[in-house]
Amino acid sequence: ATISFKVKVNSVPGDQTVTEEVKFEGSNYITNTSPIIYIIKHNQKPEVTINEAGPIHLLVGEDYQVEGTWKDIDDSTNTLYYALNGNLLKSEVLDNGGSIDPIVWRYLLTSDQFQLGENHFQVVSRDLEGAYSISALLKIMVESPPSISLNHANSTVPLDFENDFTLYGSWNDLDSNSVDLYYQINGGAPVSFAVDVPNSANKGENVN
């Protein structure tokens, strides 16, 4: 006679050794089987990494391709989730073919997905059992260099010797709270003439 039944294995925090034996009790005989020992393997969380430690500095209009690795020693298929500033960009299913070595992943972030200033990219991996990796994070700074203009630029100004001459102009910056201003004469070393000049409340407007 064959007796069989199904059991559901609960999740275990670590490898769990199980010893089983069966006892038979009849009207004229009692016996036990030899112990059967097996191990319930606990599900290993996947691992995901980003190659660059960051922060990454980009100019407005630049794209950036993030690269990293993932591995799962007991599950060949994982879903990777890519997010920027808390918004999910994409998920994709990857297969490592049973390899326990890290597998390379890549994700291209285009310039239109960034916001000015600080951006946070996140990638996390999920296995078929529902276990998530620790999130891998990368800070990306998108910077806009200030621009400056000079009134009457490229014109010739007649000036008597020892007379003063006042220059006028304006500057603007999309992301900084303040700037330092410098002048140069005849290609000499830059000379600071204004420090921590506050930006306009509406960043990007001209400041005289």
Side-chain angles (χ1 to χ4, degrees), residues 1-24 31-145 175:
T2 300
I3 300 173
S4 62
F5 55 94
K6 294 182 179 180
V7 296
K8 181 179 179 180
V9 180
N10 294 325
S11 177
V12 291
D15 291 354
Q16 181 70 49
T17 301
V18 177
T19 302
E20 287 187 354
E21 56 183 318
V22 179
K23 181 179 181 180
F24 297 93
T31 186
N32 288 28
T33 63
S34 299
I36 298 174
I37 301 173
Y38 59 89
I39 297 175
I40 300 175
K41 303 287 288 184
H42 82 290
N43 182 39
Q44 303 267 7
K45 290 184 178 180
E47 298 177 18
V48 65
T49 66
I50 295 176
N51 292 345
E52 296 289 341
I56 303 299
H57 293 269
L58 303 177
L59 295 178
V60 172
E62 284 189 301
D63 300 336
Y64 185 75
Q65 180 166 272
V66 189
E67 297 185 359
T69 63
W70 71 275
K71 73 174 183 178
D72 193 329
I73 65 174
D74 60 0
D75 206 333
S76 62
T77 302
N78 271 207
T79 302
L80 268 65
Y81 299 89
Y82 309 102
L84 184 66
N85 299 325
N87 298 314
L88 180 65
L89 300 175
K90 180 184 176 182
S91 64
E92 65 174 337
V93 177
L94 300 179
D95 193 289
N96 61 22
S99 172
I100 62 173
D101 295 325
I103 305 297
V104 175
W105 61 265
R106 297 179 178 87
Y107 190 83
L108 178 64
L109 293 167
T110 56
S111 60
D112 60 303
Q113 295 173 311
F114 294 120
Q115 62 187 18
L116 260 179
E118 194 169 297
N119 294 263
H120 297 275
F121 177 78
Q122 176 185 14
V123 58
V124 64
S125 184
R126 178 182 183 272
D127 68 15
L128 293 177
E129 303 298 324
Y132 286 88
S133 69
I134 296 174
S135 296
L137 303 172
L138 179 65
K139 182 188 292 186
I140 301 174
M141 303 296 298
V142 177
E143 300 165 343
S144 176
D175 57 353

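Computed from a predicted model, the values in this text were never measured in an experiment.
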Legend entry - Any Leu94 side-chain heavy atom under 4.5 Å of Asn78 side chain: no
For the residue pair [X] and [Y], what are the closest heavy atoms and their distance?
X: Leu89; Y: Gln113; answer: CD2-NE2, 3.9 Å
X: Ser125; Y: Trp70; answer: OG-CE3, 4.4 Å
X: Gly98; Y: Ser76; answer: N-CB, 3.8 Å
X: Ser133; Y: Pro46; answer: CB-O, 3.0 Å
X: Lys41; Y: Asp15; answer: NZ-OD2, 2.9 Å

Can you tell me how far [atom2] of [Y] sits from [atom1] of [X], rounded to the nearest 0.5 angstrom?
X: Asn96; Y: Asp101; atom1: CG; atom2: CG; value: 9.5 Å
X: Lys71; Y: Thr49; atom1: NZ; atom2: OG1; value: 9.5 Å
X: Ile73; Y: Lys45; atom1: CD1; atom2: NZ; value: 13.5 Å
X: Phe24; Y: Ile3; atom1: CZ; atom2: CD1; value: 6.0 Å
X: Arg126; Y: Leu80; atom1: CZ; atom2: CG; value: 12.0 Å
X: Asp72; Y: Asp127; atom1: CG; atom2: CG; value: 5.0 Å

Any side-chain to backbone donor/acceptor pair from [X] onto [Y]? Under 3.5 Å, distance only.
X: Asn32; Y: Val22; value: no
X: Asp175; Y: Leu116; value: no
X: Asn119; Y: Gly117; value: yes
X: Asn85; Y: His120; value: yes

Inset, instruction - Check whether the side chains of Tyr107 and Glu92 place a donor and an acceptor atom closer than 3.5 Å, and report yes or no. - result: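 Judged by distance alone, the side chains do not pair up.
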Inset, instruction - Using the six-membered ring wherever Trp is involved, compare the ring planes of Phe121 and Tyr82 and label them parallel, tilted or perpendicular (cut-offs 30° and 60°). - result: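 Phe121 vs Tyr82 ring planes: parallel.
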Inset, instruction - For the pair Trp105 and Val66, evaluate side chain to side chain contact (heavy atoms under 4.5 Å, CB included) and give the outcome as yes or no after the intermediate values. - result: CA-CA 8 Å; Trp105 61 265; Val66 189; 3.8 Å; yes
Legend entry - Crowding at CG, Leu128 (>12 non-hydrogen neighbours, <6.0 Å):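 Result for CG/Leu128: enclosed.
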Inset, instruction - Test side chain to side chain contact (heavy atoms under 4.5 Å, CB included) on Glu62 and Phe114 and set out the steps. - result: CA-CA 9 Å; Glu62 284 189 301; Phe114 294 120; over 6 Å; no
Inset, instruction - Apply side chain to side chain contact (heavy atoms under 4.5 Å, CB included) to the pair Leu109 and Ile140, showing each step before the final yes or no. - result: CA-CA 11 Å; Leu109 293 167; Ile140 301 174; 3.7 Å; yes
Legend entry - Test side chain to side chain contact (heavy atoms under 4.5 Å, CB included) applied to Val60 and Val142, step by step: CA-CA 6 Å; Val60 172; Val142 177; 4.1 Å; yes
